[in-house]
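First the structure, in the form of structure tokens, and then the observations on it.
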Amino acid sequence: MIPCAIAAAAIVAVYALCKCTWWWPRWPRGVPSFLMLHSVSDEVVDASCPNNTIRPRELEALIVRLLKGGYRFRTFTDAASDPGPRDVVLTFDDGYADNYLELLPILRRHGVPATCFVTSRFDDPRFLSRDQLREMDASGLVEIGGHTSDHCVLTSVGLDKARAQIRANKEDLESVLGHPIVSFAYPCGGENDDIVSETRKAGYRFAAAMVKKMRPVGTDPYRIHRQIIPRGMKTWQSYMLATRGKYKI
Ligand SMILES: [Zn+2]
């Protein structure tokens, strides 16, 4: 009877350890964690996708926890070209104005860099204006990357329009900032081999995709995986997600 009880307890313990990830080693080893976010605001900016708006205090708590854990924050291009094993990359898509109002002060407080993938919707007050973009760029903490002119899903518009969207946005950003833009994110992850080829030909060196699996940097510089950090997570959950790729308990 007693050996049976011990065996049952052992099975339960192994099952529990397999279900929980808190004891897992950092995952994936030797590969920077590229994190994907959008808006930073207490109010949900896009009701159709509330997970795309992280609260400022949630983001700041995650940054503090990662710093405490010995992680090093890098820009997208720095980590893609010279990856370190404890690198974390904060990326923010779409260029919401709250990236200037809410995100930039947090980055300044902690001295950590981030990367914003920005469209050319400068005259829409929901998005970053030219002056806000210039100030973010001049802060030395924000890398600006491309995200097409008006957030078109590149795989659904035909190759000629896709090419024009990629190139016009790059030219817009470079004329606002006065220096080359080298990183890009495909809106809604819409990419295929032709789109990747157009992105490379436009002069981009690295691109963020929505591929499922994390692969070592260098495997495909135009399809770099990112981990989504949704709204409403407790800090230990988002920390697990950022450093292990998943969390369970
Ligand atoms: Zn987007």
Side-chain angles (χ1 to χ4, degrees), residues 33-41 43-55 58-59 75-77 79-80 89-104 114-130 132-133 136-137 142-159 161-174 176-177 181-192 194-196 198-200 202 204-212 221-231 241:
S33 298
F34 291 88
L35 308 183
M36 180 186 184
L37 302 107
H38 291 77
S39 169
V40 183
S41 170
E43 275 81 55
V44 170
V45 169
D46 177 2
S48 68
C49 202
N51 268 340
N52 281 359
T53 305
I54 194 168
R55 291 182 183 86
E58 290 169 2
L59 175 64
T75 64
F76 187 80
T77 295
V89 181
L90 298 170
T91 70
F92 297 82
D93 285 16
D94 300 353
Y96 285 103
D98 58 45
N99 287 188
Y100 172 81
L101 300 167
E102 301 281 1
L103 170 64
L104 185 58
T115 300
C116 295
F117 295 111
V118 176
T119 60
S120 304
R121 298 173 284 188
F122 312 124
D123 299 319
D124 181 330
R126 290 176 301 162
F127 299 102
L128 293 164
S129 68
R130 292 176 181 80
Q132 289 171 333
L133 261 182
M136 291 179 78
D137 185 64
V142 180
E143 176 187 7
I144 303 293
H147 201 47
T148 74
S149 296
D150 58 17
H151 205 268
C152 94
V153 179
L154 295 167
T155 45
S156 58
V157 293
L159 202 52
K161 185 168 179 204
R163 182 186 304 118
Q165 282 269 333
I166 295 168
R167 290 183 177 235
N169 173 233
K170 191 168 190 290
E171 283 163 20
D172 289 343
L173 293 172
E174 289 176 349
V176 169
L177 301 177
I181 299 293
V182 297
S183 62
F184 182 78
Y186 311 100
C188 306
E191 49 87 6
N192 54 33
D194 288 338
I195 300 297
V196 166
E198 289 302 332
T199 305
R200 187 178 57 244
Y204 282 116
R205 291 174 54 209
F206 302 104
M210 287 172 78
V211 286
K212 287 240 156 55
Y222 293 93
R223 287 190 177 98
I224 293 174
H225 165 281
R226 289 183 292 170
Q227 174 66 53
I228 294 170
I229 302 290
R231 179 183 179 87
L241 214 44

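Both ligands and their constituent atoms are indexed starting at 1 by order of listing. Heads up: numbering here begins at 1 and tracks the sequence. Bear in mind that the values here come from a model prediction, so they are computed numbers and not experimental data.
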Apply side-chain contact (heavy atoms from CB on, under 4.5 Å) to Leu159 and list each qualifying residue two or more places apart in sequence or on a separate chain.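 Leu159 satisfies side-chain contact (heavy atoms from CB on, under 4.5 Å) with Arg163, Asp194, Ile195, Glu198 once adjacent residues are dropped.
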Should the ring pair Phe117 and His147 be called parallel, tilted or perpendicular, given that the plane angle runs from 0 to 90° and is split at 30 and 60?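 The arrangement is tilted - the two ring planes meet at 30° to 60°.
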With ring centroids as reference points, do Tyr204 and Phe206 lie under 6.0 angstrom apart?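 No: the rings miss the under 6.0 Å criterion.
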Using side chain to side chain donor-acceptor pair (under 3.5 Å) as the criterion, point out the one residue from Thr119, Asp93, Asp94 that pairs with His151.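 With His151 as partner, Thr119, Asp93, Asp94 yield a single side chain to side chain donor-acceptor pair (under 3.5 Å), made by Asp94.
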Establish, from distance only, whether the side-chain atoms of Ser39 and Asp98 form a donor-acceptor pair under 3.5 Å.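 Result is yes, a qualifying pair exists.
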Protein N/O/S atoms under 2.8 Å from the Zn ion (ligand 1): how many?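 N, O or S atoms of the protein closer than 2.8 Å: 3.
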So, Arg121 and Asp172, do they make that salt bridge, N to O below 4.0 Å?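 Looking at Arg121 and Asp172, the cut-off is not met.
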